[in-house]
Amino acid sequence: KRRQRDYWTDHWAKRPKYDECVEKSALKDVFVRNGDDSVVLREEMAQKRQGVGNVSKELEVLRYCKMEELRQYYKELCKRMLHWDHEPKSSFNRFLTDHLLEKQSSSEPLLPIEDDISGDLQSWVSSTRIYQEIEEDYPAKIKPPVQFVKGWHKMKTHLSQYIEGCTAVEQNFPMTEDNQRDLTAVIRRGNDLLTAHSTKGSFTELRNNYANLRTDSAKVLQQILSPVTSELVILLLRRSSEFASQIQQQSLVNTQSNDPVVRATNKETSMTTFEYDSKQFRISHETEERLGSLFRFNNANATDNDVNEAIFILLARYNSFIGSDFGAGGLQAALPRKLFYRLNRDFDVTMECFASPLNSYFSTYCSAFFDSDSSFGSVGSFFDFYPVRGSFEANPPFCEKLMDKMVEHMEDLLGSSDEPLSFIVVVPSWDDASAYQSMQKSKFFRKLEVIPGREHYYKSGLQHEVNQHKKLYYAAVHDTSVFFLQNEAGHRTWTPTHHKLDNLNDAFHSTNDSY
C-alpha cells in the first residue's frame, strides 16, 4: 500500500490542472492533462497494462456465457429453495459488486470465487448483500414499503399479501415447534388485524399495527429462513468458482482467432452492432464515437480492427456484469451531464472515482476492471488509487459494503495529504447506513446538500444502449445527499459556497445532454 501511494505521489502531486481537450470535434466535453503530463500518464498506464493478463474476445465470450448460466442458476435456486418466482431485483449484481472488494485473484476479474474469501465462510455469507436482501424480502416482495402505502384498499392488499407469504413459509419450510407456534401466532394476528380494520379503526392505526407486526415477525422468519438462505449463497459461490476455473483453464490454451469482430451500423436506429462468435452487443452511435476517440487517445497507432475488438471485449464484460434483466443498469446510473459541467467549473473536479468507459464524463476515471477498461482511460479501481491532491467526484454503486470501504479509503487519503484534496460524494439519503453516518461524523466533513426525491434526475445505467433522449434520464425516487469531504487545504481551495450549491441544485434538475 505504501509503494502504491508513493507511485501516485510521484506523478500526481504536481500534476497540472485538467483543461478541455483541444480535439473537441473528436471528443467533446472530455478533459485531459495539459502538455507532457498527458503523455506520461498514457505511458504509465501502458506499462501497468503489460502486468495484467491479456483480455481476449474468446475469453470474454466464454465469461459472458458462464455469467448468463450463473444468473439462471440463481433464479433456479430462488425458485427451488425459496419458492420464489422472482429473485430480489439487483441482488445478483450487488453480489458481484460486493465481491469485487474481496478480489485477491488476478486470474478472474469478475466471477466470485471461494479462494478470494478470507476468514470464516459462514460469516462472509451473512455479510453479503444478496443474503441480506433475500431475508429482507421475505416472506413476500411487496411494493411499496409500508410507510409509503396510501389508502385503505392498498394497505389491506399489502397486509393480505404479507399473510399469504407467511402462510407459504409455514407450508414449505422445515422449522422447530417453537418457530411453528410463533409463525402461526403471526398469521393469526395478521388475520385479526385485517378483520378488525375492515369495519373500524383509522388508517394510521392500521398502518402502525401492520408495521409493528412485520417488526415482531422478522425474528422468527429469520430463524426459519437463515439456514436455507446460507445454503443458497454457498451453492451460488461454488458454482461461480467452478465457472471461473473453466475460464482459467481455457485461458491456458491458445485459442485466439484471427477472425475480426464484425461491426454493423443502422442509420435508422442510430445504433451500431458488434458481433463475434454469434454474440452481438449494441451501442448508440454517440457512444461508439466516444469510445473510439478514447481508445485512440490512449493507444497510439490503433487500427479500426483494434478499436472494434476492444469495444466488443468491453461490451461483453459489462453485459456480463450488468446483465439484461429489468432494471439491470440500476447500479451503473450516472449523474446528469450538466452536473459534471458545474462540478468542473465550480470545484475543478476533473476525475470520477466510480465510473466505466460506458458512462464516464471525463477522459480519466477509476473503474471496476482495469484489464478491459484501461485502454479507454481507466486508471483501475478507486481502492488502488492514491492521489495526494485534486478535486474528485464519487457516485458509487449503492452497495453498503462498498460505500463503507469508500469512506474509509477517502479518510485515509485526506488524512495523509497536506495539499488541496477534495471528494464530492453523491449517495442516496440512507441516514441509517453506516457509510452515511461515518461521513457525517468525519473530521473532513464540510457540507451536506440534500436534493429532494422526484425533483432531480439520474442518467440511465444503460445509457450506451439508448438512442432516444427521453429514455436517457429518470427521476430519482429517493432523496440524494451530496457530501463534501475535504482536508483543510481542499476546503480553502474549493469552499462549497451558497452560490455554488445553488448551481449544483439547478444542475441536478437538468436533462440537457449538451454539456
Side-chain angles (χ1 to χ4, degrees), residues 74-92 94 122 125-236 400 430-433 477-478:
Y74 175 49
K75 293 178 182 180
E76 292 171 1
L77 289 177
C78 285
K79 188 172 183 65
R80 171 163 54 88
M81 301 178 68
L82 302 174
H83 307 279
W84 266 351
D85 292 328
H86 302 286
E87 71 282 4
K89 179 182 173 182
S90 299
S91 59
F92 185 86
R94 284 194 172 90
Q122 188 56 51
V125 167
S126 59
S127 72
T128 61
R129 187 59 191 151
I130 192 170
Y131 173 92
Q132 295 164 3
E133 285 199 21
I134 289 173
E135 293 211 330
E136 288 170 3
D137 279 2
Y138 245 91
K141 180 69 173 178
I142 311 171
K143 289 187 176 181
V146 177
Q147 61 269 30
F148 297 121
V149 177
K150 296 181 179 179
W152 277 91
H153 177 71
K154 289 185 178 180
M155 181 60 75
K156 291 175 183 176
T157 301
H158 211 279
L159 176 55
S160 297
Q161 290 176 337
Y162 188 77
I163 296 170
E164 290 172 7
C166 289
T167 303
V169 172
E170 184 180 41
Q171 296 171 348
N172 294 315
F173 290 89
M175 63 190 76
T176 65
E177 290 184 7
D178 289 344
N179 287 337
Q180 174 76 52
R181 183 185 63 251
D182 292 342
L183 186 58
T184 301
V186 166
I187 296 170
R188 185 185 304 113
R189 183 177 159 192
N191 283 320
D192 291 344
L193 188 61
L194 192 61
T195 303
H197 283 272
S198 296
T199 56
K200 59 182 180 179
S202 69
F203 173 78
T204 301
E205 184 181 2
L206 172 61
R207 183 175 59 190
N208 292 341
N209 288 336
Y210 176 31
N212 291 335
L213 172 65
R214 295 191 65 148
T215 300
D216 295 342
S217 62
K219 183 177 180 180
V220 63
L221 287 170
Q222 182 182 24
Q223 291 174 350
I224 296 170
L225 297 167
S226 181
V228 181
T229 307
S230 296
E231 183 183 358
L232 185 152
V233 176
I234 292 173
L235 287 172
L236 184 64
E400 292 186 50
W430 297 343
D431 54 9
D432 58 342
V477 298
H478 53 72

Nearest 0.5 Å, what's the [atom1]-[atom2] distance between [X] and [Y]?
{"X": "E231", "Y": "I234", "atom1": "CD", "atom2": "CD1", "value": "8.0 Å"}
{"X": "H86", "Y": "K75", "atom1": "NE2", "atom2": "NZ", "value": "9.5 Å"}
{"X": "L159", "Y": "L213", "atom1": "CG", "atom2": "CG", "value": "7.0 Å"}
{"X": "L194", "Y": "S160", "atom1": "CG", "atom2": "OG", "value": "4.5 Å"}
{"X": "Q132", "Y": "S127", "atom1": "CD", "atom2": "OG", "value": "7.0 Å"}
{"X": "I130", "Y": "C78", "atom1": "CD1", "atom2": "SG", "value": "7.0 Å"}

Quick one: does [X]'s side chain have a donor or acceptor within less than 3.5 Å of a partner on [Y]'s backbone?
{"X": "N209", "Y": "E205", "result": "yes"}
{"X": "S230", "Y": "P227", "result": "no"}
{"X": "T128", "Y": "V125", "result": "yes"}

Side chain to side chain, [X] and [Y], heavy atoms closer than 4.5 Å:
{"X": "S91", "Y": "I134", "result": "no"}
{"X": "L193", "Y": "I163", "result": "no"}
{"X": "R80", "Y": "L77", "result": "yes"}
{"X": "D216", "Y": "V186", "result": "no"}
{"X": "M155", "Y": "Y210", "result": "yes"}
{"X": "E400", "Y": "W430", "result": "yes"}
{"X": "F92", "Y": "E87", "result": "no"}
{"X": "M81", "Y": "L235", "result": "yes"}

Closest non-hydrogen atom pair between S226 and Y131, with its separation
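Taking every non-hydrogen atom into account, OG-OH, 2.7 Å.
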Provide the closest heavy-atom pair for L183 versus V220 in the form atom of the first, atom of the second, distance.
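Minimum heavy-atom separation between L183 and V220: N-CG2, 4.2 Å.
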Begin from the C-alpha positions of N212 and T215 and carry the test side chain to side chain donor-acceptor pair (under 3.5 Å) through to its verdict.
CA-CA 5 Å; N212 291 335; T215 300; 5.3 Å; no
Presence of salt bridge, R189 and D192, under 4.0 angstrom:
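No.
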Under a 4.0 Å N-O cut-off, is there an ion pair linking K219 with D182?
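D182 and K219: not salt-bridged.
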I'd like to know whether L232 forms a side-chain contact (heavy atoms from CB on, under 4.5 Å) with Y74, so could you lay out the CA-CA distance, the side-chain angles of the two residues, the decisive distance to 0.1 Å, and finally the verdict.
CA-CA 8 Å; L232 185 152; Y74 175 49; 3.9 Å; yes
